[in-house]
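Have a look at the structure below before the remarks.
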Number of protein chains: 2
Amino acid sequence: MQKLTLKKIAKELDVSISTVSKALKDSNEISAETREKIKAFASFYNYKPNNIALSLKNRKTMTIGVIIPQIVHYFFTTVISGIENVANKKGYNVIIGLSNDSFEKEVSNMKTLSNGSIDGFILSVANETQLLKNYEHLRETINQNTPVVMFDRVIPEINCDKVIVDDEEAAKKSVSKLLSLGCKKIAIITTKDYVSVGKLRTKGYLKALKENNVNVNSDLILKLEDTLDNDSNLKLLETKISKFLKSNFEIDGIFCVNEIYALTAIKAARKLNKKIPQDIKVIGFTDGVLSRFSTPSLTTISQHGRLIGEKSANLLINRLEGKVSKNSYQTIIIETELIERESTLIC
Amino acid sequence: MQKLTLKKIAKELDVSISTVSKALKDSNEISAETREKIKAFASFYNYKPNNIALSLKNRKTMTIGVIIPQIVHYFFTTVISGIENVANKKGYNVIIGLSNDSFEKEVSNMKTLSNGSIDGFILSVANETQLLKNYEHLRETINQNTPVVMFDRVIPEINCDKVIVDDEEAAKKSVSKLLSLGCKKIAIITTKDYVSVGKLRTKGYLKALKENNVNVNSDLILKLEDTLDNDSNLKLLETKISKFLKSNFEIDGIFCVNEIYALTAIKAARKLNKKIPQDIKVIGFTDGVLSRFSTPSLTTISQHGRLIGEKSANLLINRLEGKVSKNSYQTIIIETELIERESTLIC
DNA sequence: AAAATAACCGAAAACGTTTTCGTGTTAATA
DNA sequence: TATTAACACGAAAACGTTTTCGGTTATTTT
């Protein structure tokens with residue numbers, strides 16, 4: 001059974017293609033009689049207009065391209081579920097491209113999609129892209145009138161809609177919390193500065209200390225390569241963190257920029273016979289499954305990924321539908337929330 | 001800057017559309033001179049053929065539709081990453097639809113995609129679909145010549161390519177392991193029988209006991225609604241499991257059909273002052289982040305999600321490219337692996 | 001009965017490609 | 001010189017829609 005087309009219906013019922021098209025759209029140009037006949041036939045054989053032909057005609061595809069660094073990652077999946085939720089309601093499809101944090105793959109993914117396959121992009125840039133500071137592909141797609149919405153890891157220099165969290169503020173909030181709980185030597189385990197969000201969170205850490213008149217001790221700052229939270233590098237990650245904790249034995253509070261760092265820190269600390277939260281209090285970032293199910297459960301910053309996804313999709317779709325002025329872009333800042341759990345319990 | 005088309009290039013260089021098309025394809029029908037001129041112009045203005053037009057012409061879209069019940073879910077994301085990996089290599093795009101385990105959404109998602117947007121489906125059916133046993137949408141798409149590959153949660157009655165794991169065998173393997181570790185009273189925490197994989201794992205549990213001449217005690221079998229592992233129902237889940245453990249205090253081994261059940265069981269057992277693994281040994285299913293990072297780390301069945309995704313994508317693409325005989329379907333069984341960690345340590 | 005107006009339907013163009021076939025020009029051959 | 005072959009290019013159809021514009025009939029109005 002091949003797909004039914006207008007042409008086939010027309011031939012079968014001995015009318016013109018136009019007549020079929022109009023009849024199915026209930027145009028009153030067509031007599032009630034033929035209209036009913038055609039509609040009956042079409043519905044009996046389950047006719048559905050071909051999306052590709054429609055896309056070509058209307059010059060829009062009703063699909064949005066989402067480019068993310070990784071998909072096996074709690075935060076990004078919550079964002080996708082948010083995007084999918086509003087996209088679906090508004091009749092859009094979602095096509096996913098993974099960059100694997102590689103510049104090459106990000107570029108090629110965007111290239112293959114920006115030739116008519118999608119109406120606009122929602123993306124979080126690859127670490128490598130941030131490292132290389134090469135944004136030509138982004139500029140180019142925007143210049144070619146394909147709207148782009150960036151979320152989470154955004155590029156300030158690029159002019160487009162953005163949805164971010166108050167990373168710096170969230171970090172400040174976390175560190176202030178640790179201070180208020182009586183921690184004196186607060187460490188941060190973060191990424192190297194080229195990772196935009198890592199840098200911002202480090203900044204927030206420093207700000208909190210300064211505002212509370214605590215001296216910054218650079219020994220207490222551990223900046224890690226972003227590849228270290230891969231499954232294959234977990235051992236190495238633990239060694240590094242372990243060494244760090246050993247050489248700064250007086251640490252009594254740790255702020256980590258993701259869940260993996262936090263849990264690994266807890267594990268390493270325990271091996272040094274430190275008790276969590278009695279001896280060391282720990283706060284992480286990203287309220288994923290790990291934070292909820294670890295023992296002790298992890299105090300963490302919730303980024304509200306689903307909301308980020310929903311806002312991003314709305315931003316993009318509004319722009320696609322011309323509901324927003326052409327040359328002004330928005331940056332939506334989602335407020336984070338500190339979710340307190342066992343890892344910062346007062347004992 | 002509007003998108004460049006063959007027509008515009010043709011007009012600009014004062015040649016015909018056909019000439020431009022041929023020149024860009026390096027056809028030797030076109031003189032070297034004009035060829036170079038056209039190619040230079042096209043590459044200077046960054047011409048890319050319009051995918052939609054190509055899809056319409058070639059009657060294939062080079063995209064595959066993936067329908068899954070949830071995306072905030074470790075196993076499914078690993079499958080997607082596998083699919084994306086091979087799809088990408090072979091020039092295909094991946095479009096994602098989420099059913100949220102709802103029959104309605106599964107049907108509507110497939111409907112909107114099967115009108116030309118995709119060349120084939122890879123899907124894992126929604127729980128509700130399995131409950132209702134309504135497979136009309138699946139039969140219909142297959143009848144309309146849109147190939148379907150099912151993975152993990154498959155429908156035996158439907159004739160199509162499938163990729164599954166040896167669920168029953170894996171469960172048997174796990175329970176046998178517990179027996180060999182000396183467990184006498186082994187419980188299973190599973191889903192209701194309408195969830196295909198839950199049912200199979202329960203079957204494997206029973207088989208292991210029988211083969212080892214252990215009496216089956218139906219009190220030790222806890223079948224839960226599949227909605228209980230949602231974030232919002234975690235409390236309820238814990239209460240149910242806790243009650244179950246209390247009323248079967250002699251349990252010394254638990255096999256759980258997913259990570260969440262396993263970790264919740266561990267938590268509940270601890271509150272009853274049971275030590276893991278000394279008093280109770282626990283084995284879970286799905287080797288996700290939770291299993292690796294929990295304390296104690298969880299012995300678990302690895303389903304090799306990435307491999308499942310890769311095999312599924314290969315199966316689908318081979319069929320799309322006619323590399324496989326039309327009326328015979330394959331079922332690939334991926335072997336699972338028992339990954340031993342702390343929750344089954346011998347003390 | 002002639003003219004005007006509905007009512008109903010079809011031809012054709014357009015979206016952007018690819019490809020087949022035809023045609024005119026030039027160069028090589030008989 | 002006449003014929004043929006090679007070369008370089010263009011017209012047009014096709015993929016499946018939608019929509020504008022005309023064109024027949026049939027029906028109403030004068």
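The sequence lines fix the lettering, A, B, ..., with proteins before strands; numbering per chain opens at 1.
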Worksheet item: Between B:T19 and A:A53, who's closer to the 5' end of DNA chain D by nearest nucleotide?
Response: B:T19
Worksheet item: Relative to the 5' end of DNA chain D, which residue comes earlier, B:S31 or A:S18, by the nucleotide with the nearest heavy atom?
Response: B:S31
Looking only at N and O atoms, is any donor in the side chain of [X] or the base of [N] less than 3.5 Å from an acceptor on the other one?
| X | N | result |
| --- | --- | --- |
| A:E29 | C:dC8 | no |
| B:K57 | D:dG16 | no |
| B:K22 | D:dG10 | yes |

Discussion item. Please confirm whether the shortest side-chain N or O distance from A:Y47 to OP1 or OP2 of D:dG16 is below 4.0 Å.
Written reply: no
Practice prompt. Answer yes or no: is there a donor N or O on one side and an acceptor on the other, between the side chain of A:N58 and the main chain of A:K60, under 3.5 Å?
Written response: no
How would you label the contact of [X] with the nucleic acid (heavy atoms, under 4.0 Å): base, sugar-phosphate, or nothing?
| X | value |
| --- | --- |
| A:S21 | base |
| B:L54 | sugar-phosphate |
| B:S55 | nothing |

Discussion item. Using the side chain to side chain donor-acceptor pair (under 3.5 Å) definition, which of the options A:T61, A:N93, A:N51 pairs with B:S117?
Written reply: A:N51
Worksheet item: Can you tell if the side chain of B:P69 reaches within under 4.5 Å of the side chain of B:R153, non-hydrogen atoms only?
Response: yes
Fill in: Rounded distance (Å) that lies between atom P of C:dC15 and atom CG of B:L6
13 Å
Worksheet entry | For atom CD1 of B:I17 and atom P of D:dA11, their distance in whole Å | 9 Å
Discussion item. Is it the case that the side chains of B:K3 and A:N115 hold a donor-acceptor pair, with the cut-off being a distance below 3.5 Å and no angle test?
Written reply: no
